[in-house]
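For reference, the structure is listed below as structure tokens.
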Amino acid sequence: YLQTKADANVNWQVFPVVSPEIAPHIIQRRQILGVSGGEAPWDGEQIFELLLKGPQGEYTITVPATIQLPELVLASSKQLSKGHILRAEDLIHVPMPRNLKLETDEFFTKIDDLIGKELKRSMSTNQVIRTSEAGTQTLVQAGDAVKIVVQTAGIVVETHGRALGSGGQDELIPVEEADFKGRLTARVIGPREVQVTSHGTTIQRTAKNKKNVPNRIQR
């Protein structure tokens with residue numbers, strides 16, 4: 001009834017006040033022939049009338065109820081493409097749709113938490129944005145030529161390689177060093193730039209045995 005009156009397919013929270021005398025009459029849904037009453041904006045304290053079917057024919061009872069809107073979550077205000085960097089005008093608050101059963105860590109409620117994030121998939125108008133569908137802006141794409149900053153034992157060596165995965169600021173991705181084809185896990189520190197920090201010997205040997213002089217070594 002509320003969905004029809006408000007033209008909104010949302011999960012309303014309804015807290016009716018039903019006396020012990022009335023309860024047996026409405027315990028089975030098929031006994032309820034119709035609902036009326038209430039008024040816009042359809043939240044807060046409301047009074048409804050239920051048309052019931054009984055042994056002696058149809059009759060009406062009054063049921064007061066408290067109506068609460070479901071939690072408002074963030075959705076796209078228009079169609080948005082994958083890779084779009086979100087702005088305030090791209091976002092609207094909508095009630096949680098009835099068909100979505102999301103935990104609190106699976107959706108956004110504050111616009112500031114989404115501004116500047118990058119969409120990981122395209123969005124249709126009024127589609128709820130899940131936390132898995134927006135994240136840090138991608139600074140390195142898989143296949144990009146990247147600068148690899150290797151820091152070990154107090155020495156910083158800059159070399160080059162290829163990204164084997166995509167990532168945003170401070171995310172870890174696999175990379176391949178150009179000369180030695182060694183696979184490393186690196187942290188994204190800028191556009192097409194990653195950093196490897198090691199306390200072991202593998203990176204030290206790699207830097208020591210390089211035939212070419214590195215671009216810059218800092219002690």
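The chain is numbered in sequence order, starting from 1.
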Review point. Would you find a donor on one side and an acceptor on the other, under 3.5 Å apart, between the side chain of Gln68 and the backbone of Gln13?
Key: no
Exercise for review: For residues His25 and Tyr59, report the shortest heavy-atom separation together with the two atoms involved.
Suggested key: ND1-OH, 2.6 Å
Review point. Just by modelled atom types, is the Gln127 backbone N or O under 3.5 Å from a matching donor or acceptor in the Ser124 side chain?
Key: no
Exercise for review: Would you indicate whether Arg187, at its atom CZ, is surrounded by more than 12 heavy atoms from other residues, nucleotides or ligands within a distance under 6.0 Å?
Suggested key: yes
Check your understanding: Can you name the closest pair of heavy atoms from Gly37 and Trp42 and give their distance?
Key -> O-CZ3, 3.6 Å
Practice item. Decide side-chain contact (heavy atoms from CB on, under 4.5 Å) for Trp12 and Leu69; before the verdict, give the C-alpha distance in whole Å, the side-chain angles of both, and the deciding distance to 0.1 Å. Key: CA-CA 5 Å; Trp12 303 91; Leu69 288 172; 2.9 Å; yes
Exercise for review: Measure the shortest side-chain to side-chain distance between Ile61 and Ile26 over non-hydrogen atoms and say whether it is less than 4.5 angstrom.
Suggested key: yes
Check your understanding: Under a 4.5 Å cut-off applied to non-hydrogen side-chain atoms, are Thr136 and Asp170 in contact?
Key -> no
Review point. Can you check salt bridge (Lys or Arg N to Asp or Glu O under 4.0 Å) on Arg130 and Glu106, steps first, answer last?
Key: CA-CA 5 Å; Arg130 304 186 187 208; Glu106 295 182 278; 5.0 Å; no
Check your understanding: Would you say the side-chain atoms of Gln46 pair up with the backbone N or O of Glu39, donor to acceptor, closer than 3.5 Å?
Key -> yes
Check your understanding: Short question: side chain of Thr131, backbone of Asp105 - any donor-acceptor pair under 3.5 Å?
Key -> yes
Practice item. May I ask you to decide if Ser81's main-chain N or O and Ser122's side chain share a donor-acceptor pair within less than 3.5 Å? Key: no
Exercise for review: State which residue, out of Lys120, Lys82, Arg121, fulfils the salt bridge (Lys or Arg N to Asp or Glu O under 4.0 Å) condition with Glu133.
Suggested key: Arg121
**Study point:** Cluster link Ile32 to Val63, ILVMFWY, side chain under 4.5 Å
**Key:** yes
Practice item. Determine whether more than 12 heavy atoms belonging to other residues, nucleotides or ligands lie under 6.0 Å from atom CD of Glu89. Key: yes
Practice item. Check whether Val196 and Leu139 end up in the same hydrophobic cluster, where Ile, Leu, Val, Met, Phe, Trp and Tyr are linked by side-chain heavy atoms less than 4.5 Å apart. Key: yes
Study note, to complete from the structure: In short, Asp90 meets Ile85 closest at the heavy-atom pair OD2-O, 3.9 Å
Revision key, fill the gap. Closest non-hydrogen atoms of Leu91 and Arg87, given as atom of the first, atom of the second and distance, are CG-O, 3.7 Å
Revision key, fill the gap. What one should report as the nearest heavy-atom pair of Ala163 and Val140 is CB-CG1, 3.4 Å
Study note, to complete from the structure: Residues Glu171 and Gly168: closest non-hydrogen pair is OE1-N, 2.6 Å
